[in-house]
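Take a look at the structure set out below.
Each chain gets a letter, A, B and so on, in the order the sequences are listed, and its residues count up from 1.
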2 protein chains.
Amino acid sequence: MFRIDGMSRTPVYEQIIEQVEKLVSLGIMKAGDQLPSVRSLSIELSVNPNTIQKAYSELDSKGIAKSVPGKGCFIAESAEDVLKNAGRKKLTTLRELVKELALSGVTKEEIEKAVEDGLSIPVEN
Amino acid sequence: MFRIDGMSRTPVYEQIIEQVEKLVSLGIMKAGDQLPSVRSLSIELSVNPNTIQKAYSELDSKGIAKSVPGKGCFIAESAEDVLKNAGRKKLTTLRELVKELALSGVTKEEIEKAVEDGLSIPVEN
DNA sequence: TAACTGTACTAACACGCATAGTACAGTTGT
DNA sequence: ACAACTGTACTATGCGTGTTAGTACAGTTA
């Protein structure tokens, strides 16, 4: 269910966070669904339990997951909303990236084509 | 001429690189123009000379600047081309960001508007 | 010659990521 | 009640990287 890229510069715990968010965004996981336990996932990914806990506790802080001692870690009711709002904030990043591309000489057409591609391609991974 | 954000997670030397690239992209600096000396810039930004050197030597590796012992560090002839090609590669980043936004529930219209904004707004900073 | 330039090198420190190990408390099924 | 699971907390350690500090050397220029 999860996959870690050991060569990536982004920390393992962040990779996990991103993947959980992606699963929710894709509708593969919904509010109430249980995430793998800290220990089982740590074994599956061959990482330390503390690393998983860090990811889960951060997901908890964000309002994307809810950890319940003794029971497990579950997707929170607020998850979808949180991600939707986070997405809106990323629009700023998009604006800046487009500006940056335009500055470095990439044509308007190339940019618009890339956007179109991103919008049309349904899903992979 | 340069500004460092100490709170940012991106290393100081990378911030310098980005700003040099931006200056070239904006046409503010052109091939042959001299960058501040390692020592003077280190004082101006209150960072270690080694940090500046790291930035300059990386800019040299990229083909954006050319360091000449005894003389200084200058914008390379190849700078514009290098940045133009780098920009094209960032189109992939753009595609992925758009896909990510679409996934998290941001509408096509919102995305296209952000792109339009990025394309239209002339320049600031 | 003096004052500037880039370059090279070692040592040290700080911080964050990750590991290792242990322990405690709540929940669940038998 | 017990065993087996859950999340949580805490300390200690190792490691990589970014940064600082200090010194030194070589080329350029006035």
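The nearest whole Å value for the distance from the CD atom in B/E58 to the P atom in D/dT17 is 13 Å. For the pair B/Q53 CD and D/dA21 P, the interatomic distance rounds to 16 Å; values are reported in whole Å. Rounded to whole Å, atom P of D/dG7 lies 10 Å from atom CG of A/L41. Across the protein-nucleic acid pair, B/I52 atom CD1 and D/dA21 atom P stand 13 Å apart, rounded to whole Å. The interatomic distance linking A/M7 (CE) with C/dC17 (P) rounds to 18 Å, in whole Å. The separation between B/L35 atom CG and C/dC4 atom P is 19 Å, rounded to whole Å. For the pair A/K54 NZ and C/dT19 P, the computed distance is 11 Å after rounding to whole Å. Between the CZ atom of B/R9 and the P atom of C/dC17 there is a distance of 9 Å, given to the nearest Å.
Considering only side-chain atoms of A/N48, the nucleotide from D/dA21, C/dT19, C/dT7 that sits closest is C/dT19. Set against D/dT20, D/dT28, D/dG18, the side chain of B/K71 has D/dT28 as its closest nucleotide. Set against D/dT20, C/dC17, C/dA20, the side chain of B/V47 has D/dT20 as its closest nucleotide. Between D/dG18, C/dG21, D/dT8, one nucleotide has an atom nearer to the side chain of A/N50 than all others, and that is C/dG21. Each of D/dT20, C/dC17, C/dG6 was ranked by its minimum atom distance to the side chain of A/Y13; first place goes to C/dC17.
With B/Y13 as the aromatic partner, B/K54 meets the cation-pi criteria of under 6.0 angstrom to the ring centre and within 45 degrees of the ring axis.
Using a 4.0 Å cut-off, no side-chain N or O of B/Y56 falls inside it from OP1 or OP2 of C/dG6. Phosphate contact (OP1/OP2 of D/dT8, side-chain N/O of A/S67, threshold under 4.0 Å): present. The side chain of A/T51 places an N or O atom within less than 4.0 Å of a non-bridging phosphate oxygen (OP1 or OP2) of C/dT19.
For the pair B/C73 and A/P49, nearest-nucleotide mapping onto DNA chain C gives the more 5' position to B/C73. Between A/R39 and B/G72, the residue anchored closer to the 5' end of DNA chain C is B/G72, taking for each the nucleotide with the nearest heavy atom.
A donor-acceptor pair is defined here as one N or O able to donate and one able to accept, closer than 3.5 Å; no such pair exists between the side chain of B/S8 and the backbone of B/D5. Although no hydrogens or angles enter the test, the distance criterion places no donor-acceptor pair under 3.5 Å between the side chain of B/T51 and the main chain of B/V47.
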Exercise. Evaluate the side chain to side chain donor-acceptor pair (under 3.5 Å) criterion for residues B/T93 and B/E96: first the C-alpha distance (whole Å), next the side-chain angles of each, then the deciding distance (0.1 Å), finally the verdict.
Key: CA-CA 5 Å; B/T93 309; B/E96 285 167 0; 5.4 Å; no

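For B/K62 against B/I17, the heavy-atom pair with the smallest separation is NZ-CG2, 3.9 Å.
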